[in-house]
Amino acid sequence: MSARGETTLWIAQRASAAVLALCVAVHIGVMVYAVQGGLSAAEILARTRGSAGWAAFYGVFVAAVAVHVPIGLRAVAVEWLGWRGRSLGVALHLFAALLLALGLRAVWAVVA
Amino acid sequence: MSVLQVDVWRGREDGRFQRFEVPRAESQTVLDVVTYIQRHLEPALAYRFACRVGMCGSCAMTVNGVARWTCRTHVARVARDGRLEIGPLANLPVIRDLATDMREFFDKWARAQGQFAPTATRRDEPARVAPQSPGRAAADAAIECIGCGVCYASCDVVAWNRDYLGPAALNRAWTLVNDVRDGARGARLRAVAAGAGCHACHTHMSCTERCPKRLSPTASIAGLKRATAAALLKGEL
Ligand code: SF4
Ligand code: SF4
Ligand code: FES
């Protein structure tokens, strides 16, 4: 890929990693905090339903995953499968779209 | 006098190890062992060396599984139970026995724009570069490379992706990116960022661990990653 393309992917990988580090910490922290004394699905949904804050938080989390994972998989595909070129780019874009769709659907399910 | 059991690679990629017995000597280096074999036991053994003092970078081989400069590696430090296994450097085509074809290694230096691009002529005053300036300090930290290929042979990314420029070529490019007298910064940053360049490095640090000159190609590559990212954000890449 071109110098600009490779460098853009590198920045996207680092930036999404930073976002993920924060999101994972908040996600696990809140889980540990909320689960004390038991937690039911109904209780979770009572907190997340209609919450714009949680929708935004998990929306960003999902977006960061959809950026981060395909870039990492690209290196794996190149180095371990010797797969490169246009077909790899198309496959990774599709995979990113799949992650985004599945993730947003899950977010929708708990906040809508 | 004790005797070393030495297994030496013979032939090309599809070759095999051949066992030799070499008398142990005081302060013996691995290169001494190879030279003994070539002079006394097997005159057809192919290997390379020149300076014997760690300057030319031509004597690197795989010693007991690890890439090393053999002229400055003492047998006492690497032999296991009086045994040595000596093979050609990994990640390079084998010409014969212990001699590898280093062309791809040095071609990648050229691909990474490892050539100095002068901006002054002989009629200009010599450039003044303050020793403490950040660029000079960064170049200094990486400049002592002897081109031995130990880092290249130790890098997993080179093994996995033959297009990868590799630690030594990128380390060289980093010294020039920091050279205020050089006029090809933009082209060089493009050359090291494109394809399997600096961004393909996984920061494994095998290169840094093994470099006999104790350089850190990993740090140089990290510098290139930052420099290319900054250039991209400024619209200069
Ligand atoms: S730090 Fe980079 S160049 Fe060095 S061995 Fe690891 S992947 Fe290779
Ligand atoms: S960076 Fe170190 S290991 Fe790599 S070629 Fe230069 S001197 Fe040898
Ligand atoms: S022979 Fe020159 S570095 Fe070993």
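Values below: every heavy atom of this structure, side chains too, minus hydrogens, waters and symmetry copies. Here is the naming used below: chain letters follow the sequence lines, and residue numbers restart at 1 for every chain.
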Non-hydrogen atoms of chain A under 4.5 Å away: do they reach the side chain of [X], the backbone, both or neither?
| X | answer |
| --- | --- |
| B:Leu232 | side chain |
| B:Asp156 | neither |
| B:Ala200 | backbone |
| B:Val192 | neither |

Are there more than 12 heavy atoms of other residues, nucleotides or ligands under 6.0 Å from atom [atom1] of [X]?
| X | atom1 | result |
| --- | --- | --- |
| B:His204 | NE2 | yes |
| A:Met1 | CE | yes |
| B:Glu209 | CD | no |
| B:Arg162 | CZ | yes |
| B:Met55 | CE | no |

So which heavy atom on B:Ala193 is nearest to which on A:Ala3, and how close?
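Closest heavy-atom pair between B:Ala193 and A:Ala3: CB-CB, 3.7 Å.
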Please find the pair of heavy atoms, one from B:Arg226 and one from A:Trp10, that lie closest to each other, and give the distance.
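What the structure gives for the nearest pair is N-CH2, 4.4 Å.
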Turns out that what part of A:Ser2 lies under 4.5 Å from chain B's heavy atoms comes down to backbone
Between B:Leu233 and A:Ile11, is the side chain to side chain contact (heavy atoms under 4.5 Å, CB included) condition met? List the steps.
CA-CA 10 Å; B:Leu233 296 176; A:Ile11 293 174; 4.1 Å; yes
Have B:His199 and A:Gln13 got a donor and an acceptor in their side chains that come within less than 3.5 Å?
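No, A:Gln13 and B:His199 have no side-chain donor paired with an acceptor closer than 3.5 Å.
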Decide yes or no on side chain to side chain contact (heavy atoms under 4.5 Å, CB included) for A:Glu6 and B:Thr228, but give the supporting numbers first.
CA-CA 10 Å; A:Glu6 292 284 352; B:Thr228 53; over 6 Å; no
Top contributor to chain A interface from B:Leu189, B:Val157, B:Asp163, B:Asn161 [non-hydrogen pairs under 4.5 Å]
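Of the options given, most contacts go to B:Asn161.
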